[in-house]
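Encoded as structure tokens, the structure appears first; notes follow it.
No experiment lies behind these values; they were computed from the predicted model shown. Here is how names work: the chains are called A, B, and so on, in the same order as the sequence lines, proteins then strands, and each is numbered from 1.
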Amino acid sequence: MIVRTPPMGWNTWNTFGECYNEEVLREIADALVDRGFAEAGYNHLIIDDHWVMEHRDPETHRLIPRPGKFPNGIEPVVSYVHGKGLKFGVYSCVGARTCGAKMGSFEYEFTDAEWFSEIGVDYLKHDYCLRPEKSNGETLYRRMALALRDSGRDTVFAACNWGCDDVWSWIRSIGAHTYRSTGDICDNFKSFTDIFRSQVFKLGASASGCFNDLDMITVGMDGEGNVGTSELLTEGVYRTQFCVWCMFGSPLILGCDVRTVKDKYRDLLCNSELIRINQDPECRSPFPVAFDDALVFCRLLDGGDIAVLLINVNDNACNMSFLPYDIGLTEESGYKLSMKDVLNGDTFEASDIMFVPVPPKDCRMLRGRLVRK
Amino acid sequence: MVISVPPLAVSVARTFGGDIDRDRVMKTARAMVGRGFVKAGYRYLNIGDGWSAKERDEKTGSLLSDEEKLGGSLRSLSEELGSLGIKLAIVTSGGTRTPTGYPGSFGHEYEDAEFFAENGVAMIAQDFSALPRRTDPVTMIRRTGLALRAAGDSIVYSVYAGTENLTRYIRATGAHLYHLRPWRDAAGIVFPPKEVLGYSVPGSLFNCGEIAVRSNVGLTELKRSLVISAMASSPITVDADISSLDDKTVSLLTDTDIIAVATDAECRPAGIMSGEPEAVMLKVLDGNRCAAAFVNDTDQARDIPFYAYDMGLTRDARRFVFADEKANGCRSFEFCDDMNVALGSGDSALFILTLKRKECASK
């Protein structure tokens, strides 16, 4: 199976942690469809850790969904999610146990992959906890990738080793479709900015077939939920997070409570122009035009388009600048850069230098192309 | 433009050097058709840099093609090639001069991109060895990348540069293919290191280099080069006067199994299971298959082992591996634990591996 553009969906972890059940998942599936997320492209509903027991079925050796959460087994949930036109994702771990000490897939990879295939799993997030000290992480991921392929069902394989062991250098070769590249995200400014800053120079390895996953998006959590913190993020900061995830070509896996998230954040997360940049068919990585106090990224898009993201991380409004020379334009080329803010429609044109006013702790995403002077 | 799988090309850039003419190019093109290269997937013919006049137009600064050599315009050549199902590739320079002294595109990137597009060029192999030393190479690559897009985004951009750290930046420049040494030094197949393979991805693929077929290159060496390129998901460029090659060589160059591995739709790089000199590479293919390649770069015959465990098999899988040799090999193995591939010095072997269901009690 070839995953041409970054997968999109929703995951239980950010909002619910351990506390979710069949009823919650049905409501989430309803909300994904009814509130327009599914139509915008968020088509995977993924359950994270804590969905299985601490032991296997003694006869079949299969995993056991937690009866407290799933009194009717997992099948009715899968069926409901599929019935909504969504795809269903689950979680496991290369280790003997998951990060939450539930049953892991170590040495039962083929047993688990076969069962996932039988119940209709479309996406597997595979974590990195509690594996033998002397085991080789690359081999364990290769093993589950092989098992999923062997199961005969098209399953997105989302590796989650937090960027350890130079994961970018081998993860594509083992057959994964996405790979987490950092530790877990929290719903605060430092957490997500540290995450994306750490990946700026590693994005060259992320492309069609296997994408660098910056972790689940916290936009719209408003300090609530499992990874919520006391810090309440502004609209500009959330806008910055989502624009970075789109610009960097990360999988877009939502973590907010999609049943109750404010309409303004729903609209941001479903913005078709931002998603179009994320899902651009060329899947090229952006490059930093400025990467210090001022953050400016440029990305080449399909059909000759160009995206520029300017991020103001300071507490004062600022007139940010960049020189088209740095993205490859020359004075004698006969071209100038013509750009439009994809969120508010402001237009900018320049051949030598472009000034863009950016509010404090906010960003602007421009899209445009070269036009004749 | 999205380049999802590595392109295959024939190049006469170094075979003929600057000494090209219409007849030699068309003879090669007809040989590409007649000897099965086009059918096998070779779509590009690189004619080198000898198509150009020695200097630019004095008044306009535009590139000029050498119409005497070409027997007409570059455009008419690309059209005639097109009628045979072949796309025109040329060698250019991102610096001031091409490898054999023709005008380079430095400072002319935008007008040259238009010239290439207007003349029906489908791929440029751009050399960066004659780049002014105080320029930033990545910015210069980016410049041609952007210029080609402005000119209609119809040209495959293949970069030859010696820049350190190019791997991590190349994807953002708009280049589709990249080789880490300048074209003028490209002397053969580079065994790509793991760090390079990680950054070789659909849309911007690492180019292991031209496969030079000369009288002193035997079938063994040729097969090794093809197998490594295919496993790396590298473009394959055969640098030869293909009309004069013997049938066995042509048969190897057009081997459908090697090319199927090279152009597999998932376009994943191989994993290095064990490094040189007894190298084993494993590449995950579309569908439930893998390719395994073995290369013996020692000076003695060897039995090179391959372990089912290393490819991901466990006892709970209840599977065994069926390994079927390709590329003129006829061995096959069925195993739960391991297989040993006997190879002479310099030999290579390519296998397609599939899993089969079976209770596996013992080896």
Side-chain angles (χ1 to χ4, degrees), chain A residues 1-2 4 61 107-111 138-147 149-152 166-175 201-210 281-287 298-300 302-306 325-330 332-335 369-370, chain B residues 1-2 4 107-111 138-147 149-153 167-174 194-204 265-272 282-284 286-290 309-319 355:
Chain A
M1 177 179 56
I2 303 166
R4 296 259 178 229
H61 303 298
E107 295 198 311
Y108 287 93
E109 290 85 356
F110 281 76
T111 303
E138 178 180 340
T139 301
L140 296 183
Y141 279 108
R142 186 181 283 283
R143 202 187 268 180
M144 186 49 104
L146 186 71
R149 282 162 184 266
D150 182 68
S151 78
D166 289 334
V167 63
W168 56 267
S169 70
W170 50 264
I171 193 68
R172 181 178 296 272
S173 73
I174 65 100
F201 297 101
K202 294 177 180 167
L203 292 171
S206 181
S208 281
C210 189
E282 283 211 36
C283 294
R284 289 202 182 264
S285 45
F287 58 93
C298 175
R299 176 173 163 186
L300 302 181
D302 193 37
D305 277 13
I306 297 162
Y325 178 94
D326 286 327
I327 72 171
L329 200 63
T330 61
E332 72 272 13
S333 67
Y335 288 95
R369 51 171 51 235
L370 298 185
Chain B
M1 182 170 48
V2 184
S4 303
H108 297 271
E109 293 84 359
Y110 283 81
E111 58 191 277
V138 177
T139 301
M140 295 304 123
I141 295 169
R142 189 166 281 148
R143 200 182 267 184
T144 292
L146 200 60
R149 284 163 175 263
D153 197 22
T167 43
R168 64 169 60 176
Y169 299 114
I170 194 73
R171 181 156 185 67
T173 64
K194 190 172 181 178
E195 300 75 49
V196 169
L197 285 175
Y199 283 115
S200 182
V201 299
S204 54
E266 288 219 21
C267 198
R268 293 188 185 268
I272 311 280
L282 183 67
K283 177 174 174 177
V284 172
D286 192 29
N288 188 24
R289 299 171 306 136
C290 294
Y309 179 93
D310 288 345
M311 76 178 282
L313 218 56
T314 58
R315 283 294 157 145
D316 91 303
R318 300 179 302 280
R319 304 281 189 279
L355 297 188

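The residue among B:L197, B:L282, B:D286 with the most heavy atom pairs within less than 4.5 Å of chain A is B:L282. In terms of heavy-atom pairs under 4.5 Å with chain A, the best-connected choice from B:C290, B:G198, B:A151 is B:G198. Options A:W168, A:W170, A:F110, A:Y108 differ in how many heavy-atom pairs under 4.5 Å they form with chain B, and the most are formed by A:F110. With chain B as partner, the option from A:S208, A:G152, A:A147, A:A205 having the largest number of non-hydrogen pairs under 4.5 angstrom is A:A205. When each of A:C283, A:G303, A:G334, A:C298 is checked for heavy-atom pairs under 4.5 Å with chain B, A:C283 comes out on top. Per-residue counts of heavy-atom pairs under 4.5 Å with chain A were compared for B:G145, B:A147, B:A150; the largest is that of B:A150.
At a threshold of 4.5 Å between non-hydrogen side-chain atoms, the residues A:K202 and A:S285 do not count as touching. In this structure, the side chains of A:L146 and A:E109 stay at 4.5 Å or more apart for every pair of heavy atoms. Using a 4.5 Å cut-off on side-chain heavy atoms (C-beta onward), A:Y325 and B:T139 make contact. A:R143 places a side-chain heavy atom less than 4.5 Å from the side chain of A:E107. Between A:R284 and B:S204 the shortest side-chain heavy-atom distance falls below 4.5 Å. Counting heavy atoms from C-beta outward, A:S173 and A:R142 have side chains that approach closer than 4.5 Å. Contact annotation: the side chain of B:L146 never approaches that of A:Y335 to less than 4.5 Å [non-hydrogen atoms, C-beta and beyond]. By the 4.5 Å heavy-atom criterion applied to side chains, A:C210 and A:I171 are counted as neighbours.
Minimum heavy-atom separation, B:P202 to A:A207: O-CB, 4.0 Å.
For chain A, no part of B:I141 is nearby; none of its heavy atoms comes within less than 4.5 Å. With a threshold of 4.5 angstrom between heavy atoms, B:Y199 approaches chain A through its backbone and through its side chain. Contact annotation for A:R172: both backbone and side-chain heavy atoms come within less than 4.5 Å of a heavy atom of chain B. A:I327 touches chain B through backbone and side chain together, each having a heavy atom under 4.5 Å away. Looking at B:T144, there are no atoms closer than 4.5 Å to chain A (heavy atoms on both sides), in backbone or side chain. Proximity to chain B (any heavy atom under 4.5 Å) is shown, for A:R369, by neither the backbone nor the side chain. For chain B, the nearby part of A:S206 is the backbone; its heavy atoms alone come within less than 4.5 Å. Residue contact with chain A, scored on non-hydrogen atoms closer than 4.5 Å, is absent for B:K283. For B:A270, the part sitting under 4.5 Å from any heavy atom of chain A is the backbone (N, CA, C, O) and nothing else. Interface residue A:P286: only backbone heavy atoms are found under 4.5 Å from chain B. For A:M1, the part lying near chain B is the backbone, with the side chain staying farther off; criterion is any non-hydrogen pair under 4.5 Å. Heavy atoms of B:D153 lying under 4.5 Å from chain A belong exclusively to its side chain. In this structure, chain A has heavy atoms under 4.5 Å from both the backbone and the side chain of B:E195. Both the backbone and the side chain of B:M311 come within less than 4.5 Å of a heavy atom of chain A.
Geometric assessment of B:R142 against the ring of A:F287 yields a positive cation-pi assignment under the 6.0 Å and 45° thresholds.
Relative orientation of the B:Y169 and A:F201 rings is perpendicular, given thresholds of 30° and 60° on the angle between their planes.
Looking at A:D305, A:D302, A:L300 one by one, the single match for side-chain contact (heavy atoms from CB on, under 4.5 Å) with A:E282 turns out to be A:D302.
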